[in-house]
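Report on one structure; see the data block that follows.
Quick caveat: nothing in here was measured; it's all calculated off a predicted structure. Order of the sequence lines fixes the chain letters, A, B, ..., with proteins taken first and strands second; residue numbering starts at 1 for each chain.
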Amino acid sequence: MSDPTHLSLAEARDALKSKQLSAVELAQAHIDAISKSRALNCFITETPEFALAQAQESDARIARGDARPLEGLPLGIKDLYCSKGVRTTAGSRILDDFTPTYESTVSANLLRDGAATLGKLNLDEFAMGSSNETSAFGPVVSPWRRAADPDAKIVPGGSSGGSSSAVAARLCLGATATDTGGSIRQPAAFTGTVGIKPTYGRCSRWGIVAFASSLDQAGPITRTVRDAAIMLRSMAGHDPKDTTSVDAPVPDYEAAVGASVKGRRIGVPKEYRIDGMSAEIAALWDRGAAWLKDAGAEIVEISLPHTRYALPTYYIIAPAEASSNLARYDGVRYGCREQGRDVSEMYEKTRAAGFGPEVRRRIMIGTYVLSAGYYDAYYVRAQKVRSLIKRDFDEAFASGVDAVLTPATPSTAFAQGEKGSADPVEMYLNDVFTVTVNMAGLPGVAVPGGLAANGLPLGLQLIGKAFDEETLFSLAAAIERAAPKIELPQPWWREG
Amino acid sequence: MSVDSATVRRIAHLSRIAIEDSEVERLRGELNAILAFVETLSEVDVEGVEPLTSALPMQMKKRADVVTDGGIADEILANAPLREDHYFVVPKVIE
């Protein structure tokens with residue numbers, strides 16, 4: 001078989017099943033691709049021996065007709081998921097060489113279903129960032145380049161930048177990611193890949209390093225909608241160790257791919273047509289609506305009046321929760337430690353040395369909005385506005401809309417160093433279309449919609465009702481069928 | 001609302017993050033930029049609105065109050081920067 005890294009996850013699954021390809025060959029092809037692609041800086045830790053050992057077991061299982069749903073499929077794991085016996089960093093120096101003695105529930109689910117894990121993928125530090133530039137392990141480079149400016153290093157989005165870049169560069173068939181304000185969907189949109197953030201509670205958060213616990217959700221990034229459906233089915237499910245995980249059956253999401261979208265009502269929220277929206281993004285959005293209409297869906301204008309307050313609300317709630325969650329990094333139980341005269345100075349020096357600037361900034365904002373005298377004015381008010389944002393969606397769905405269509409991001413990917421260096425808020429605006437979904441706990445998927453004039457991918461977002469990921473997979477597949485086929489970049493970055 | 005340099009120092013201490021004097025002015029600017037950005041929430045009418053504390057309406061699940069694991073002190077201490085027997089070691093807390 002010609003280069004097996006060019007197969008989709010579903011195609012690789014079928015090739016393994018029909019024995020056109022062995023799991024060891026498939027794993028080795030990806031290991032070779034990774035070893036030649038270090039210029040992209042996608043992986044923090046590579047685990048080739050582990051992947052090959054898993055692949056050998058997969059070949060044995062396939063031979064005796066005992067294949068599991070993801071048997072022998074090589075995946076990457078965002079380095080926010082704890083991996084038993086493998087260094088886990090969260091993209092931060094503060095965890096030092098932390099090596100969990102346990103496996104996160106979601107990655108354990110993937111292993112249970114037969115996946116081969118190739119290693120731990122780079123990310124923004126503690127998943128705080130939109131460009132993968134805050135990682136203590138250096139920025140990830142996207143395989144995509146601007147047509148007119150091929151030397152500029154393009155960001156893969158964030159925080160799941162290692163995941164999106166590795167999937168787009170064909171270093172793994174799919175990758176786990178996490179999304180607190182857009183960290184699955186924005187990197188997917190920036191790299192021409194598919195990323196779904198499922199409903200809050202669909203996947204267990206246990207063993208995933210916490211950022212903002214009321215917003216964090218796990219999900220996959222893949223090259224096709226079908227692949228995302230296959231991966232999510234394995235990742236999702238109830239976990240007694242996460243009280244917010246939902247005890248409900250996991251549907252066969254793959255069956256929803258290809259289902260008719262005839263008669264579906266798709267809401268187009270007028271508030272998303274923000275001031276200064278580029279003509280290119282507006283045209284993409286119109287094309288997305290036209291594709292769904294051609295597939296038999298009905299497009300209706302809706303109103304989500306509190307949209308413009310979502311990002312400011314997020315920048316109170318997420319840092320508040322982060323400041324609490326990150327209090328555990330104190331140089332006592334794990335990670336690095338700086339010496340101090342007393343325990344307090346030890347904490348302060350350890351945290352100053354271990355956290356990067358963006359994480360320090362968010363902890364400080366979170367501490368401030370939770371501090372005595374400001375709690376009601378900031379934090380409680382933000383929680384009330386969050387209720388209003390959620391109510392907007394509830395009312396839209398109650399009016400008979402099945403899903404909402406928006407652009408995924410306000411622009412294409414940018415180059416390293418281009419955004420946020422003077423004003424942190426400039427970087428935050430990347431999440432303006434995605435963050436509402438986390439606020440309301442809803443599922444959202446980013447799906448490629450073609451290329452912009454600069455040669456970089458553009459993504460559309462579909463937002464669904466709680467626990468109705470199936471409708472999103474059907475609609476995303478309809479867009480995937482209608483949109484211009486994206487040719488992933490040729491491997492200009494490979495060495496040797 | 002905006003913060004002054006004394007407040008920046010106070011927040012840093014509450015956050016248990018050491019900061020250099022030379023950092024205070026820059027941090028003040030960055031924190032104030034974020035606070036100015038979120039200031040827009042003050043214009044929202046939230047009269048009578050309940051704060052959202054759970055992303056989805058759900059009952060907190062409870063399990064039987066029984067021991068479910070334990071006896072893994074070695075695992076718990078495995079990543080400690082400094083340990084002695086089954087204890088985490090920290091600098092002296094009380095003189």
What heavy-atom pair brings A:Ala352 and B:Ala18 nearest, and what distance separates the two atoms? CB-O, 3.3 Å
Which portion of A:Tyr379 sits near chain B, non-hydrogen atoms under 4.5 angstrom: neither
Where do B:Glu75 and A:Thr101 come nearest, in terms of heavy atoms and distance? OE1-OG1, 3.4 Å
State the CD1-CG distance between A:Ile317 and B:Leu52, to the nearest 0.5 angstrom. 7.5 Å
Is A:Arg360 salt-bridged to B:Glu30, cutoff N-O under 4.0 Å? no
Identify which of A:Ser387, A:Gly441, A:Ala440 forms the greatest number of heavy-atom pairs closer than 4.5 Å to chain B. A:Ser387
Heavy-atom cut-off 4.5 Å, strictly under: side chain, backbone, both or neither for B:Phe88 against chain A? side chain
For the residue pair B:Glu43 / A:Tyr309, report whether a side-chain donor-acceptor contact shorter than 3.5 Å exists. yes
Closest heavy-atom pair, B:Pro81 versus A:Gly335, reported as atoms and distance to 0.1 Å, is CG-O, 3.5 Å
Determine the option with the most heavy-atom pairs under 4.5 angstrom with chain A, choosing from B:Ile72, B:Ile19, B:Val89, B:Ile76. B:Val89
Could you have a look at A:Leu95, A:Val385, A:Ile365 and say which one has the most heavy-atom pairs with chain B under 4.5 angstrom? A:Ile365
Side chain, backbone, both or neither: which part of A:Tyr378 has a heavy atom under 4.5 Å from chain B? side chain
Minimal non-hydrogen separation, B:Ile11 against A:Met364, with atom names: CG2-O, 3.1 Å
When you measure from the side chain of B:Arg16 to the backbone of A:Arg351, do you find a donor-acceptor pair of N or O atoms at a distance under 3.5 Å? no
Evaluate the side-chain proximity of B:Val44 to A:His306: yes if any heavy-atom separation is below 4.5 Å, no if none is. yes
Under 4.5 Å heavy-atom distance to chain A, tell me which part of B:Arg10 shows up: side chain, backbone, both or neither. side chain
Taking side chain as everything from C-beta outward and backbone as N, CA, C, O, which of these in A:Leu429 sits under 4.5 Å from a heavy atom of chain B? Side chain, backbone, both or neither. side chain
Flag the pair A:Tyr368 / B:Val3 as yes when at least one side-chain heavy-atom distance between them is below 4.5 Å, and no otherwise. yes
Within the 4.5 Å heavy-atom criterion, are B:Val38 and A:Arg381 side-chain neighbours or not? no
As an exercise: rank A:Val380, A:Thr99, A:Asp97 by heavy-atom pairs under 4.5 Å with chain B and give me the winner. A:Thr99
Per-residue contact mode, A:Thr350 against chain B (heavy atom under 4.5 angstrom): neither
Using 0.5 Å steps for rounding, measure from the CD1 atom of B:Ile17 to the CD atom of A:Glu348. 9.0 Å
What part of B:Ala12 lies closer than 4.5 angstrom to a heavy atom of chain A: side chain, backbone, both or neither? both
Between B:Ala33 and A:Val425, what is the shortest heavy-atom contact and its length? O-CG2, 3.9 Å
For B:Ser54, which atoms come within 4.5 Å of any heavy atom of chain A: side chain, backbone, both, or neither? neither
To the nearest 0.5 Å, what is the distance between OG on A:Ser245 and NZ on B:Lys61? 4.5 Å
Can you give me the closest heavy-atom contact between B:Ala55 and A:Ser214, atom names plus distance? CB-O, 3.7 Å
Contact class of B:Leu27 relative to chain A, heavy atoms under 4.5 angstrom: side chain
Rounded to the nearest 0.5 Å, the CZ atom of B:Phe37 sits from the OH atom of A:Tyr315 at a distance of 8.0 Å
In terms of heavy-atom proximity below 4.5 Å to chain B, should A:Leu311 be classed as side chain, backbone, both, or neither? both
Heavy-atom contacts under 4.5 Å, residues 320-329 of chain A to chain B: none
Donor-acceptor under 3.5 Å (A:Lys390 side chain, B:Leu56 main chain): no
Against chain A, label B:Glu20 side chain, backbone, both or neither, depending on which of its atoms sit under 4.5 Å from a heavy atom there. neither
How many angstroms lie between atom CD of B:Glu50 and atom CZ of A:Arg391, to the nearest 0.5 angstrom? 10.0 Å
Look up atom CG in B:Leu35 and atom CD1 in A:Ile316, then write down how far apart they are to the nearest 0.5 Å. 8.0 Å
For chain A, the option from B:Leu31, B:Ile34, B:Asp45, B:Thr68 that forms the most heavy-atom pairs under 4.5 Å: B:Ile34
Report yes if the side chains of B:Pro91 and A:Asp342 come closer than 4.5 Å at any heavy-atom pair, otherwise no. no
Under 4.5 Å from any heavy atom of chain B - which part of A:Tyr314: neither
